[in-house]
Amino acid sequence: MDPTDEKVLYLTFDDGPHPDCTVFVLDQLKKFDAEATFFCIGKNVDAHFELYKRIIDEGHAVANHTQNHLNGWKTKDEDYLLDIRKAMNIIDSK
């Protein structure tokens, strides 16, 4: 993020893509020429890859929100990190 004196709002959405919610959000963002970051779950990307592709094609950023949305507080570190790595196979995130 660049330092600025302007007021800036960063929009983020978690746990998608999902055919109902994500389609609605993308349509609304398009109306306002707004961009957002979508924290995607790998299993949802697998299930709705065309919707994931739409997120990217419309200029939004994506980020890895794990493969199976494991609870980080209740999952062994090794298992949690493996879940992140698995999602890296389908989610192209910096």
Side-chain angles (χ1 to χ4, degrees):
M1 292 181 265
D2 296 322
T4 179
D5 291 331
E6 293 181 49
K7 292 183 180 183
V8 179
L9 175 66
Y10 292 91
L11 299 173
T12 64
F13 299 93
D14 291 0
D15 303 344
H18 186 276
D20 296 328
C21 300
T22 307
V23 170
F24 173 79
V25 168
L26 288 171
D27 291 345
Q28 296 307 306
L29 291 169
K30 187 178 277 190
K31 282 184 189 178
F32 295 95
D33 195 30
E35 294 178 1
T37 299
F38 289 79
F39 289 86
C40 298
I41 297 174
K43 69 179 181 177
N44 292 348
V45 173
D46 282 332
H48 310 290
F49 190 78
E50 285 303 314
L51 190 50
Y52 170 77
K53 188 169 175 354
R54 178 180 168 194
I55 292 169
I56 295 167
D57 289 347
E58 293 185 7
H60 305 287
V62 294
N64 184 336
H65 198 42
T66 74
Q67 179 67 25
N68 298 294
H69 204 275
L70 300 178
N71 183 326
W73 298 108
K74 296 181 179 182
T75 305
K76 292 181 185 177
D77 289 349
E78 181 180 327
D79 294 337
Y80 193 81
L81 293 172
L82 285 172
D83 203 59
I84 291 170
R85 285 190 201 101
K86 185 173 182 181
M88 289 172 64
N89 291 322
I90 194 165
I91 300 170
D92 186 21
S93 173
K94 296 179 184 177

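Note that this is a predicted model, so its numbers are computed, not measured. Below, each value reflects all heavy atoms present in this structure, side chains not excepted, and no hydrogens, waters or symmetry copies.
Scored by the side-chain hydrogen bond (donor to acceptor under 3.5 Å, both in side chains) test, Asp15 finds His65, His69 as partners (sequence neighbours excluded). Applying the side chain to side chain contact (heavy atoms under 4.5 Å, CB included) criterion to Ile56, with sequence neighbours excluded, gives Tyr52, Val62.
Side-chain atoms of Asp83 come within 3.5 Å of backbone atoms of Asn68 as a donor-acceptor pair (strictly under, hydrogens ignored). One N or O on the side chain of Asn64 and one on the backbone of Ile84 form a donor-acceptor pair closer than 3.5 Å.
The cluster map of Ile, Leu, Val, Met, Phe, Trp and Tyr, joined by side-chain heavy atoms under 4.5 Å apart, puts Phe49 and Ile55 in the same cluster. The hydrophobic cluster containing Ile90 does not contain Leu70, counting ILVMFWY residues as joined when their side-chain heavy atoms lie under 4.5 angstrom apart, directly or transitively.
With rounding to the nearest 0.5 Å, the separation of OG1 in Thr22 from CG in Leu51 is 5.0 Å. For the atom pair OG1 (Thr66) and NZ (Lys43), the distance works out to 8.5 Å, reported to the nearest 0.5 Å. In this structure, NZ on Lys74 lies 15.5 Å from CG on Asp79, to the nearest 0.5 angstrom.
Surrounding CG of Asn89 are more than 12 heavy atoms belonging to other residues, nucleotides or ligands, all under 6.0 Å away. Within 6.0 Å of CG on Asp77 lie no more than 12 heavy atoms contributed by other residues, nucleotides or ligands.
The two residues Ala87 and Gln67 come nearest to each other via the heavy atoms CA-OE1, 3.3 Å.
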Donor-acceptor contacts, no H, no angles, side chain residues 24-42, under 3.5 Å, sequence neighbours left out:
{"unit_1": "Asp27", "atom_1": "OD1", "unit_2": "Arg54", "atom_2": "NH2", "d": "2.6"}
{"unit_1": "Lys30", "atom_1": "NZ", "unit_2": "Glu58", "atom_2": "OE2", "d": "3.4"}

